[in-house]
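Side chains are part of it too, since the values below use all heavy atoms of this structure and drop only hydrogens, waters and symmetry mates.
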Amino acid sequence: MIVNKEMLFIIVILYTSIINQPLFGQLKVNSKAPEIQANIRIGSKPNDVSLKEKFLVLDFWATWCAPCLAALPHLNSLQEKFENQKDLLFLSMTDENENKINKILPHFHFKSLILSDTSGVTFNSYGVKLLPTTFLIDKNNIIRWIGDPRDLTSELLKKFVNGDDLLPISENKKQIISDNSRSEAQYKEYRAIFDNEKITNVFHMSQPDNQHSGKSISKINQFNYNTCQFGIDISTLFIKLLHCSKGQVILPKALKNKAISYCFKQEGLSSNKQGETLLISKITEGLGLKLTKTYETQEVINIKVIDTVKLNKAKASKKKGLMRSGSSISDDSAVIAIYNSSLQVLEDELNMVYGVKIEIEDVAHFMSSFDITLNNSSFESLKKSLFESGFSAKKETKSLLIYHFD
């Protein structure tokens, strides 16, 4: 343990008891399905198609949810395999408006009928807390299965339409739910630390946490830099703070794939940049590292705003008094989304994905918040979706700073 007047740095693994809580609200398998309400219908199916006496694959999604969009090819493939099953209907349910939906349709193909309930009633009645979430509902309006759409298989759907018993949630999935419950409790502990004015800086080495690592609790303005994150990969944190790419951060092997949880509070600053610099210094000091910099010629992807009309300014809906904002990247990095966030956040997320440096020209001149969803299945797909969002993209070479943490 290293302790000084300015900082407490504790090397521990956090343990808390597993909290048993329902993953999908109060709805359970074999319970009656709530009514499906939608005021907008978009998609390949006729708008007047009836949902009654149908086997339903009801998938909840959002334009800002990268894993939702990454699951589309799998769902489309299943729909193709069961196209002769006329009483089986695939539904994609969102609570977003038609304008948001239409903006992503050129890049992401839905074979399903897209439904939107902008009132959010259907989301609430189904108790959806995680996206994506899929329900299998039989002809008698009984829920037969709840889970991740990527876990749906042809065999499972055959049993579903044949009325056979479906397999219960796997032991592996139960473990994931338990791990999520445990990390949620730990995350709440850090929220309490962040709100406690008597505690200044706290840093822990911790297990990587996929559920919360993209989230941060922040109160940042011109003079204050107060921020908190839980279970974020150390390499990822340095990349974000330095606004660089994976290829520009060199860490010791012992720290690769290691994570950190922290609360950092600093007041009386002249800029956000100063806060980021101080945070890097504190983490480097606590880990016993020395930072050195060199220059190296590397490939760069230059992104430039060429059409401000196409830039999709955020018009996020308010839920429970909070404005949703942040970013989302699918597991395979094929989909990258930011919602109600700056172009700086988009640049940072692209740098998380690519080994090469991503630079958005004049990023500081665009101070608004934006909703941008990109198809990153290939560089050509990325260029196309960037163009449709108002950007150009090209590759070039440039001399870049390389950050060595030894």
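Among Leu287, Val249, Leu255, Ile283, the one residue that satisfies the side-chain contact (heavy atoms from CB on, under 4.5 Å) test with Phe405 is Val249. For the side-chain contact (heavy atoms from CB on, under 4.5 Å) criterion with Leu343, the lone passing option out of Asp362, Ile303, Ile372, Asp348 is Ile372.
Between the side chain of Ser330 and the backbone N or O of Val335, at least one donor-acceptor pair lies under 3.5 Å. Checking side-chain atoms of Thr236 against main-chain N and O of Ile232 turns up no donor-acceptor pair under 3.5 Å. The backbone N or O of Ala66 lies less than 3.5 Å from a partner atom in the side chain of Ser328, making a donor-acceptor pair. In terms of modelled atom types and a separation under 3.5 Å, the side chain of Ser341 and the main chain of Gly326 share a donor-acceptor contact. Counting only distance, with no hydrogens or angles, the side chain of Glu299 and the backbone of Thr397 share no donor-acceptor pair below 3.5 Å. Between the side chain of Arg144 and the backbone N or O of Asp164 there is at least one donor-acceptor pair closer than 3.5 Å. Judged by distance alone, with hydrogens and angles left aside, the side-chain atoms of Ser368 form no donor-acceptor pair with the main-chain N or O of Lys313 at under 3.5 Å. Distance alone, capped at 3.5 Å, places no donor-acceptor pair between the Asn375 side chain and the Ser385 backbone. The main-chain N or O of Ile142 is never found under 3.5 Å from a side-chain atom of Asn140 such that the two would form a donor-acceptor pair. A donor-acceptor pair under 3.5 Å links the side-chain atoms of Gln248 to the main chain of Ser245, judged by distance alone.
A salt bridge (Lys or Arg N to Asp or Glu O under 4.0 Å) check over residues 51-75, counting only residues at least two apart or in different chains, returns nothing. Applying the salt bridge (Lys or Arg N to Asp or Glu O under 4.0 Å) definition to pairs two or more places apart or across chains, none involves residues 373-385. Applying the salt bridge (Lys or Arg N to Asp or Glu O under 4.0 Å) test to pairs two or more places apart or on separate chains, none has a residue in residues 247-271.
The local environment of CG in Asn257 is sparse, with at most 12 non-hydrogen atoms from other residues, nucleotides or ligands closer than 6.0 Å. The environment of Phe379 atom CZ is dense: over 12 non-hydrogen atoms of other residues, nucleotides or ligands sit within 6.0 angstrom.
What you find for Ile137 and Phe160 is that their closest heavy atoms are O-CZ, 3.2 Å. In terms of heavy atoms, Tyr225 sits closest to Gly275 at CG-CA, 3.7 Å.
When the ring pair (Phe, Tyr, Trp, His ring centres under 6.0 Å) test is applied to Tyr403, no partner is found at least two apart in sequence or on another chain. With sequence neighbours excluded, no residue satisfies ring pair (Phe, Tyr, Trp, His ring centres under 6.0 Å) with Phe370. Not counting sequence neighbours, Glu388 has no partner by the salt bridge (charged side-chain N to carboxylate O under 4.0 Å, His left out) test. In this structure, Cys263 has no disulfide (SG to SG under 2.5 Å) partners at least two apart in sequence or on a different chain. With sequence neighbours left out, Val121 forms a side-chain contact (heavy atoms from CB on, under 4.5 Å) with Gln37, Asp117, Ser119. Residues that satisfy the side-chain contact (heavy atoms from CB on, under 4.5 Å) test with His74, not counting sequence neighbours, are Leu78, Leu152. In terms of the side-chain contact (heavy atoms from CB on, under 4.5 Å) criterion, Glu83 has no residue partners (sequence neighbours excluded). For Phe82, there are no ring pair (Phe, Tyr, Trp, His ring centres under 6.0 Å) partners at least two apart in sequence or on another chain. With sequence neighbours excluded, no residue forms a ring pair (Phe, Tyr, Trp, His ring centres under 6.0 Å) with Tyr354.
For the residue pair His243 and Asn351, no side-chain donor N or O sits within less than 3.5 Å of a side-chain acceptor on the partner. For the residue pair Ser381 / Ser378, a side-chain donor-acceptor distance below 3.5 Å is found, with atom types taken as modelled.
Below 30°, between 30° and 60°, or above 60°: for Phe60 and Tyr126 the angle between ring planes is between 30° and 60°, a tilted geometry.
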